[in-house]
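First comes the structure, then the notes that go with it.
Below, all heavy atoms of this structure are taken into account, side chains as well, without hydrogens, waters or symmetry copies.
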Amino acid sequence: MPELPEVETVRRMLAERVVGSVIRSAALSGLPLREPIARTLPARLRGRRIEAARRIGKYLLIDLDRDLTLVSHLGMSGRWRYEAAAPPPERHVHARLALAGGGELWFEDPRRFGLLRLVRRGALARDPALRALGPDPILEPQGGESLREIARGTRVAVKNFLLDQHRIAGLGNIYASEILHRARLDPRLAAGRLTAREWSAVARSIPAVLEEAIRRSGTTFSTYRTVSGQPGRYGERLRVYERAGEPCRRCGATIRRIVQGQRATYFCPRCQRRNGRGRDSY
DNA sequence: ATCCTATCCTGTAGGC
DNA sequence: TGCCTACAGGATAGGA
């Protein structure tokens, strides 16, 4: 599941391999993703030069000349893939960009929850996908006080708070659980009721987990791959995610799996405590 | 306003 | 072995 570290890994590789290239031609599968890909996309991409690869939250932005930006989101199973030589056709390739000088850039997405949309750069900040995003925790790190302010008044569980892209942009199901384990916080606590000290622990844990995951090229469960097809290596570092029934690496207690908002949450019932809080605190 | 649920999709894992 | 079903989750529309 591509979250901030996976998207950042893809961004870095695109920056290295395709920035500076010119798109010679483009072709679409014709199948809709989260929304249909505009049929005019190939014509608008032809001849454009790739100027930069950026990331905001889980969105990957490919800046082109003539003030255009290709906005992409990998959804659940999306992948940008670079092939140096003309590769054989494969399933689930929804956009193929042939680069001048050889090489192809593919947007693959079996589950089609992804997004591909061409936007004028001047209109980016107003684009519905990006407009309402909260701060990106790597580009705009938030301290504990700031997080506490963002959470003021909300009763949602802190795990769900971390998943809300409108509050903080980039965390998904894997890293939300990992961050709360590092911060030693029960994922069921009401976000609006955490203490300053608890928010401070969350604020420190977010970049610690994300930066280590970026160093290891992200986490691969099933489909995620880097641009060149390598799996991420953070999986072996996971402390709780997908480890239900296994011992906590910190205290040895058995990791639990619960469901919050129809999503799995993993946590250690011993070292992620409620700190003697009352029943109404979550 | 705030919060929660159902929905989209397909590869994979588990049961029998 | 093969068929069937349940499950995984990011974002969002719509309902409570």
Side-chain angles (χ1 to χ4, degrees), chain A residues 1-10 29-37 55-61 71-81 90-95 107-117 119 127-134 136-137 149-180 187-193 210 213 218-225 229 231-232 234-235 238 240-245 257-267 280-282:
Chain A
M1 303 106 233
E3 307 179 27
L4 189 156
E6 290 76 31
V7 180
E8 176 62 17
T9 300
V10 170
S29 70
L31 290 176
L33 304 178
R34 188 197 308 176
E35 65 184 27
I37 302 175
R55 182 193 58 74
I56 303 177
K58 299 177 197 172
Y59 286 87
L60 184 64
L61 310 180
V71 175
S72 68
H73 192 293
L74 302 178
M76 286 298 306
S77 58
R79 178 182 162 197
W80 276 110
R81 166 170 165 181
E90 283 188 35
R91 300 180 64 193
H92 308 307
V93 179
H94 300 292
F107 188 86
E108 296 179 325
D109 189 2
R111 275 177 255 188
R112 297 197 273 124
F113 283 6
L115 176 74
L116 213 48
R117 183 194 289 167
V119 178
D127 189 271
L130 303 174
R131 186 178 49 202
L133 288 181
D136 179 292
E149 182 57 31
I150 294 172
R152 202 158 64 94
T154 184
R155 287 149 58 181
V156 297
V158 62
K159 158 72 175 349
N160 299 92
F161 172 88
L162 293 179
L163 289 180
D164 185 346
Q165 305 300 301
H166 304 116
R167 300 184 189 269
I168 305 169
L171 307 180
N173 213 38
I174 296 174
Y175 297 108
S177 281
E178 294 298 312
I179 286 162
L180 290 175
R188 298 167 292 188
L189 290 170
R193 296 192 179 216
L210 295 181
T219 306
T220 290
F221 268 96
S222 48
T223 56
Y224 163 75
R225 292 289 186 280
Y234 193 73
L238 293 174
V240 288
Y241 188 81
E242 283 271 291
R243 294 193 65 243
R257 176 191 191 275
I258 59 173
V259 174
Q260 293 181 283
Q262 290 130 243
R263 297 289 178 265
T265 298
Y266 299 87
F267 72 108
D280 62 349
S281 63
Y282 59 97

Practice problem: For A:Arg152, report the nucleic acid contact type (base, sugar-phosphate, nothing); a contact means any heavy atom under 4.0 Å. | Solution: nothing

Does a side-chain heavy-atom distance below 4.5 Å link [X] with [Y]?
X: A:Asp136; Y: A:Arg55; value: yes
X: A:His94; Y: A:Leu116; value: no
X: A:Pro110; Y: A:Arg91; value: no

Self-check item: Residue mapping more 5' on DNA chain B - nearest nucleotide basis, A:Gly261 or A:Arg91
Solution: A:Gly261

Which whole-number value in Å describes the distance from [X] [atom1] to [N] [atom2]?
X: A:His94; N: B:dC8; atom1: NE2; atom2: C1'; value: 13 Å
X: A:Leu31; N: B:dT10; atom1: CG; atom2: C1'; value: 12 Å
X: A:Asp164; N: B:dC3; atom1: CG; atom2: P; value: 9 Å
X: A:Gln260; N: B:dC3; atom1: CD; atom2: C1'; value: 14 Å
X: A:Phe161; N: B:dC3; atom1: CZ; atom2: P; value: 11 Å

Practice problem: With A:Arg34 as reference, evaluate A:Arg117, A:His73, A:Arg112 under the side chain to side chain contact (heavy atoms under 4.5 Å, CB included) test and give the passing residue. | Solution: A:His73

Quiz item: Under a 3.5 Å cut-off for both distances, is C:dA11 Watson-Crick or wobble paired, and to whom?
Solution: B:dT7

Exercise. Produce a footprint string for nucleotides 7-16 of chain C: one letter per nucleotide, 5' end first; B if the base is under 4.0 Å from any protein heavy atom, S if only the sugar-phosphate is, - if neither.
Key: -BBBBS----

Exercise. Verify whether one side chain among A:Tyr175 and A:Glu6 offers a donor that lies under 3.5 Å from an acceptor in the other.
Key: yes

Quiz item: Shortest non-hydrogen contact from A:Gly75 to A:Pro2?
Solution: O-CD, 3.3 Å

Quiz prompt | Presence of A:Ser77 side-chain N/O under 4.0 Å of B:dC9 phosphate oxygens OP1/OP2 | solution = no

Quiz prompt | OP1 or OP2 of B:dC9 under 4.0 Å from side-chain N/O of A:His92 | solution = no

